[in-house]
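Before we start, here is the structure in question, set down as structure tokens.
Computed from a prediction, not measured in an experiment: that's the story for all the values here. Below, chain A is the first sequence line, B the second, and so on; all start at residue 1.
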Protein chains: 2
Amino acid sequence: MEKSLMHKDKKPVAVPEPTIRRMPAYLTLLRQLKDEGQEFISAPRLASFFNLDPTQVVKDLAYAGAAGRPKVGYVVEKLVEILEEFLGFNRKHEAFLVGAGFLGSALIQYQGFREAGMKIVAAFDTDKKKIGKDISGVPVFDLAKFRDLAGRLHISIGIITTPSSAAQQIADLMVGWGIKAIWNFAPISIKVPPHVIVQDTHIYANLAVILNKLNNAGR
Amino acid sequence: MEKSLMHKDKKPVAVPEPTIRRMPAYLTLLRQLKDEGQEFISAPRLASFFNLDPTQVVKDLAYAGAAGRPKVGYVVEKLVEILEEFLGFNRKHEAFLVGAGFLGSALIQYQGFREAGMKIVAAFDTDKKKIGKDISGVPVFDLAKFRDLAGRLHISIGIITTPSSAAQQIADLMVGWGIKAIWNFAPISIKVPPHVIVQDTHIYANLAVILNKLNNAGR
DNA sequence: ATTTAATAAAGAATAATATCTTTAATAAAA
DNA sequence: TTTTATTAAAGATATTATTCTTTATTAAAT
Ligand SMILES: NC(=O)c1ccc[n+]([C@@H]2O[C@H](COP(=O)([O-])OP(=O)(O)OC[C@H]3O[C@@H](n4cnc5c(N)ncnc54)[C@H](O)[C@@H]3O)[C@@H](O)[C@H]2O)c1
Ligand SMILES: NC(=O)c1ccc[n+]([C@@H]2O[C@H](COP(=O)([O-])OP(=O)(O)OC[C@H]3O[C@@H](n4cnc5c(N)ncnc54)[C@H](O)[C@@H]3O)[C@@H](O)[C@H]2O)c1
């Protein structure tokens, strides 16, 4: 039986994306509380860390299948387990990264992904100066030599950190590799077949929100 | 007169955050179309690039103050100007960055911010090996020597790319410096006074969305 | 001229999300 | 034991965002 909330007719209810996006933040804090030896946490207190409505936290946690006790709250350790399981942070998805430049290198060496269900196992580039090196133990290969990687690898995620101009062609290549999800950091929208998952992480979207607030601050 | 939509009672209507977040993507594409010499673009065509509903694009552009002509669409060059002006990408906000590690270095050398209204003018770190160096022309200073920077600098944005453990204390410092907005990349929620703008860019939120789709793909 | 097709724009309807309200559980205090 | 305070959980409402529908505009075709 799934942990997610069930609809009356037994079909799993889709978890709202805003809920999914908040969950890792809960988890990060909860892991810290766990390390500090805190046993229980209530939704109102958890909410206060993030300036959220307490009922929202309760509902988010309910989507993951967590239950709390009145007057006590949730068991921190249990909650960490439930969220890790629900988010898939304790499984291990392997990833290829294409574009071992500044951002690519930062992602490759980033240890945080290890506790978040993703492991970058290889990088690819076209720059002779980068090929053959390794970054924190992750080898950088010549992309040209891997153009026709047989599909059906056990790699589920492809990360794009090339310039925009190359992003679509890299995406096409990854689709050919049989990759299931593409995490794109180039500031363009890539096109893929419907069965491939795409997550664009557009840095300018965040900057735009900041500038909008800054420029309207005097209102 | 503001470019933004007006309510009947003349108060400016708040632009929805989802709209703000989509706008930079429109702008990036429009700049490219402009470079390619394309004169007009219709909302339906623009929408098809992003798999959006055409009326959504029309409404988003209307928020920026753009008007199109039936049967023709929008004038690309005009639209670029309007969006740049609306987003504040043609003003110049100066920024300080604290934590000149992998991610910080990537952000510092990233040329894209130049066309997006933000210029990183200095970086700070506590690591002796980084202090005194410069990254793409941006000097890295010893944070300890700049603890009590006089407020009222012309710096409006503070970027945090330190480990989580240091993020809150850096935020407090930045607030003391008189910084107006904080762009935080550490995966924790920082607390600031209400007059300070905070934008958390939590990498795990994006990863969680990917993993959720991946793990539920078989449904 | 007149008609047609494409489109922006405005408005209505729908859907998604967040907040508020009520209820029930339960631990601690009286 | 009884009361009180706190809380989760469920449900109702409100808000926000998206999509659908209609109307009006305009360029091109007839
Ligand atoms: N640097 C940042 O902070 C940052 C932030 C957000 C988004 N981005 C985006 O991430 C991407 C990379 O940025 P960066 O600053 O790391 O740039 P970079 O130039 O340091 O890295 C790009 C890398 O891609 C490689 N490359 C180029 N064409 C390629 C191809 N066809 N196949 C394989 N590899 C190829 C280059 O050799 C280089 O190593 C850009 O699209 C940028 O807009 C960067
Ligand atoms: N690397 C990534 O791809 C990535 C992605 C998303 C978020 N993040 C987050 O960004 C932050 C930095 O990640 P990173 O991979 O660049 O780490 P890093 O270790 O390379 O860089 C951190 C830098 O902060 C400096 N620092 C430490 N304490 C400091 C202090 N008190 N004051 C000033 N400087 C201090 C360190 O000397 C170092 O230069 C982390 O919070 C990480 O979770 C990283």
What pairs of nitrogen or oxygen atoms, one from the protein and one from nucleotides 1-5 of chain D, lie under 3.5 Å apart?
none

Legend entry - 5′-ward residue of the pair Arg69(A)/Pro70(B) relative to DNA chain C: Pro70(B)
Inset, instruction - Using only heavy-atom distances, determine whether the side chains of Gln168(A) and Asp172(A) contain a donor-acceptor pair under 3.5 Å. - result: yes
Inset, instruction - Taking heavy atoms of chain A and a 4.0 Å limit, find me the 5'-most and 3'-most nucleotide of DNA chain C within that range. - result: dT17(C) to dA27(C)
Legend entry - Test item: His202(B) and Ser189(B) side chains (from C-beta on) under 4.5 Å apart, heavy atoms: yes
Inset, instruction - Please name all residues satisfying side chain to side chain donor-acceptor pair (under 3.5 Å) with Ser42(B), sequence neighbours left out, ordered by chain then number. - result: none
Legend entry - Ile160(B) and its side-chain contact (heavy atoms from CB on, under 4.5 Å) partner, picked from Leu97(B), Asp200(B), Ile170(B): Ile170(B)
Inset, instruction - Work out which heavy atom in Asn215(A) is nearest to a heavy atom in Gly88(B); give both atom names and the distance. - result: ND2-CA, 3.7 Å
Inset, instruction - Check whether the side chains of Gln199(B) and Asn206(A) place a donor and an acceptor atom closer than 3.5 Å, and report yes or no. - result: yes
List, one per line, each side-chain donor-acceptor pair under 3.5 Å for residues 47-54 of chain B, sequence neighbours excluded.
unit_1   : atom_1 : unit_2   : atom_2 : d
Ser48(B) : OG     : Arg45(B) : O      : 2.6
Asp53(B) : OD1    : Thr55(B) : N      : 2.9
Asp53(B) : OD1    : Thr55(B) : OG1    : 2.6

Identify each donor-acceptor pair in which a side-chain atom of residues 64-82 of chain A lies under 3.5 Å from a protein atom, sequence neighbours left out, and give them as a table.
none

Inset, instruction - Name the nucleic acid region contacted by Pro54(B), choosing base, sugar-phosphate or nothing; use a 4.0 angstrom heavy-atom cut-off, strictly under. - result: nothing
Inset, instruction - Quick one, give me the B/S/- string for nucleotides 12-22 of chain D, reading 5' to 3', where B means a protein heavy atom under 4.0 Å from the base and S means that only happens at the primed atoms, P, OP1 or OP2. - result: B----SSBBB-
Inset, instruction - Quick one: closest heavy-atom pair of Ile197(B) and Leu214(A), and the distance? - result: CD1-N, 3.6 Å
Inset, instruction - Evaluate the side-chain proximity of Ile157(B) to Leu211(A): yes if any heavy-atom separation is below 4.5 Å, no if none is. - result: yes
